[in-house]
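One is the number of the first residue; the rest follow in order along the sequence.
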Amino acid sequence: MLGLLSGTSVDAIDVAAAEFHLVGDVLDLTPLGALTVPHPGGLREEVLAALPPGPCSARRLCELDTRLGLAFAEAAARGLAELADGRADLVASLGQTVYHWVEDGRCLGTLQLGQAAWIAEATGLPVVADLRARDVAAGGQGAPLVALLDDLWLRDHAPAVAVNLGGIANITVVRPEEETLAYDTGPANALLDAACRWLSGGSATRDTDGVMAAAGSVRADLLDRLLADPYYALPPPKSTGKERFHLDHVHAALAGLPPVRDVDLLATLTELTAVTVADACHRHGARLVVASGGGVRNPVLLRALRRRLAGVDLRVSDALGLPADAKEAYLAAMLGFLTWHGLPGNLPSATGADGPRVLGSITPGRRTPRQPSPATHAPRRLRLTPPTGR
């Protein structure tokens, strides 16, 4: 199985290859490798320009759906050749989220671009895509879908909290003898990246290694304003995205304050992520926190999070066998496996859906797809197994 996605930071396309075997109630995941494929020239900037609060037309959405589909197709072809020796049963794509429609705490719709037909045409393989919409139709938030992987993977480590630091931060709370809970805590890199682009006039897309934030100091007045956003006080299940946490959000918080130095702004936005994530972890009595996503490669953010989580065992997911940079690509592959075998891919206690649902739509490959007979029961554990050679 190949898994694909471009996260909310729109950094690049992540590709992962994995083998899966369902043995009783245990799902064995064998990671075969991962790679990151940059977006072709100008595409990242076009996607970012189309996100709220920027204007976007139906024509622009159509163009982006095709261009992203072609980019995903090229990434899948590379993954097939470089990671899977040219052999795979299926491609699963989480696509590129461009809008997540939430009103009064309820998700009414979600839109991921990256037309699956281009992936199927390039690889010849069936493609499972549009993985969030069914959960939304069933009354869920459509996110975080990673909750199912975390629940299966960390069940033997419970109580544990998984943290993903992408554009948006989310947590999964795995508790013994209780239903797993998951939700978006707020921005991780979204506001940091937006501020970097603004401050640099577009020449910098991120605060690499947190260098600028490390040179600044947290402005308590600005942090207080940012923390006053009502999203943080909402009860789960809840989800959010860049349609809420974008550059205008930063400008609104800065309005009327004494001048804020560039480095202090980035230090404060870094602290905002650390505070909101740590507060959520403490709220659920976390003793073990397992972090993944691009934010774990920012040493300033990770130090701030460790400081805010003093007394808690904080580990990067690599230490438990799942690469932090590729975790969500492996998630996409797992969701594709589940859909292909007629198994639910959502976790209702996390997303708020009315019940378990088989996720996604299948685009056939070059041959008529021969799906296996539906599995008789869903997995209850995820076991990571090393490759044995191909």
Side-chain angles (χ1 to χ4, degrees), residues 7-10 48-55 97 99-105 163-171 183-208 210-236 238-283 293-295 298 300-305 307-308:
T8 49
S9 292
V10 202
L48 291 172
L51 298 180
T97 298
Y99 196 77
H100 198 63
W101 180 18
V102 179
E103 289 185 8
D104 298 325
V163 172
N164 181 62
L165 299 171
I168 298 298
N170 59 64
I171 66 167
Y183 55 94
D184 293 341
T185 60
N189 299 313
L191 297 183
L192 276 167
D193 293 349
C196 282
R197 287 193 301 274
W198 170 51
L199 296 173
S200 68
S203 63
T205 58
R206 66 181 63 85
D207 182 15
T208 303
V211 171
M212 292 184 68
S217 301
V218 175
R219 281 280 300 262
D221 52 352
L222 175 59
L223 182 61
D224 287 345
R225 282 196 175 187
L226 291 164
L227 288 171
D229 187 282
Y231 179 80
Y232 303 119
L234 291 175
K238 60 180 179 177
S239 59
T240 190
K242 286 187 173 180
E243 61 283 340
R244 184 184 190 107
F245 293 109
H246 47 63
L247 188 58
D248 283 2
H249 184 84
V250 176
H251 288 321
L254 289 169
L257 290 180
V260 176
R261 296 188 305 159
D262 294 357
V263 291
D264 292 348
L265 173 59
L266 294 178
T268 305
L269 292 175
T270 302
E271 192 71 12
L272 172 70
T273 296
V275 170
T276 51
V277 169
D279 282 355
C281 291
H282 285 308
R283 190 174 302 122
N298 180 336
V300 178
L301 174 56
L302 206 57
R303 281 198 301 271
L305 193 55
R307 186 181 71 251
R308 292 279 179 175

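The closest side-chain heavy-atom distance from Val275 to Arg308 is below 4.5 Å. Counting heavy atoms from C-beta on, the side chains of Ile168 and Asn189 never come closer than 4.5 Å. A heavy-atom distance below 4.5 Å is not found between the side chains of Cys196 and Thr205. Residues Thr273 and Leu269 have side chains not in contact (no heavy-atom distance under 4.5 Å, counting atoms from C-beta outward). Within the 4.5 Å cutoff, the side chain of Leu191 has no heavy atoms near those of the Leu247 side chain. The shortest side-chain heavy-atom distance between Tyr183 and Ser239 does not fall under the 4.5 Å cut-off. Taking the side chain as every heavy atom from C-beta outward, Leu48 and Lys242 approach each other to under 4.5 Å.
The salt bridge (charged side-chain N to carboxylate O under 4.0 Å, His left out) analysis of residues 210-223, with sequence neighbours excluded, yields the pairs Arg219-Asp221. Judged as a side chain to side chain donor-acceptor pair (under 3.5 Å), the pairs with a partner in residues 224-236 (not counting sequence neighbours) are, in order, Asp229-Arg244. Among pairs with a residue in residues 256-266, those fulfilling salt bridge (charged side-chain N to carboxylate O under 4.0 Å, His left out) read Arg261-Asp264, at least two apart in sequence or across chains.
Take Asn170 and apply the side chain to side chain contact (heavy atoms under 4.5 Å, CB included) test, not counting sequence neighbours, and it matches Pro144, Val146, Asn164, Asp184. In this structure Arg303 satisfies the salt bridge (Lys or Arg N to Asp or Glu O under 4.0 Å) test with no other residue, sequence neighbours excluded. For the salt bridge (Lys or Arg N to Asp or Glu O under 4.0 Å) test, no residue two or more places apart in sequence or in another chain qualifies with Arg197. Scored by the ring pair (Phe, Tyr, Trp, His ring centres under 6.0 Å) test, Trp101 finds no partners at all (sequence neighbours excluded). When the side chain to side chain contact (heavy atoms under 4.5 Å, CB included) test is applied to Ala169, the partners found at least two apart in sequence or on another chain are Leu165, Thr185, Ala188, Val277. Under the ring pair (Phe, Tyr, Trp, His ring centres under 6.0 Å) criterion, His246 pairs with no residue, sequence neighbours left out. With sequence neighbours excluded, the residues that form a side chain to side chain contact (heavy atoms under 4.5 Å, CB included) with Ser200 are Ser203, Ala204. Every residue meeting the side chain to side chain donor-acceptor pair (under 3.5 Å) condition with Thr97, not counting sequence neighbours, appears here in chain and number order: Gln112. The ring pair (Phe, Tyr, Trp, His ring centres under 6.0 Å) search around His282 returns none, not counting sequence neighbours.
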* Tell me, with the steps shown, if Glu271 and Leu223 meet side-chain contact (heavy atoms from CB on, under 4.5 Å). => CA-CA 8 Å; Glu271 192 71 12; Leu223 182 61; 4.1 Å; yes

* Verdict with supporting geometry, Phe245 and Leu226, side-chain contact (heavy atoms from CB on, under 4.5 Å) -> CA-CA 10 Å; Phe245 293 109; Leu226 291 164; over 6 Å; no

* Criterion side-chain contact (heavy atoms from CB on, under 4.5 Å) on Leu192 and Leu272, from CA distance to verdict -> CA-CA 10 Å; Leu192 276 167; Leu272 172 70; over 6 Å; no

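Within the model, atoms OG1 of Thr276 and CD1 of Ile171 stand 10.0 Å from one another, a figure rounded to the nearest 0.5 Å. For the atom pair Thr208 OG1 and Asn298 CG, the distance stands at 9.0 Å (nearest 0.5 Å).
Ala267 approaches Ala213 most closely through the heavy-atom pair CB-O, 3.5 Å. Heavy-atom minimum distance, Gly295 versus Leu301: O-CD2, 3.8 Å. The two residues Val300 and Gly210 make their nearest non-hydrogen contact at CG2-O, 3.3 Å.
Inspection of the Thr240 and His100 side chains reveals no N or O donor paired with an N or O acceptor under 3.5 Å.
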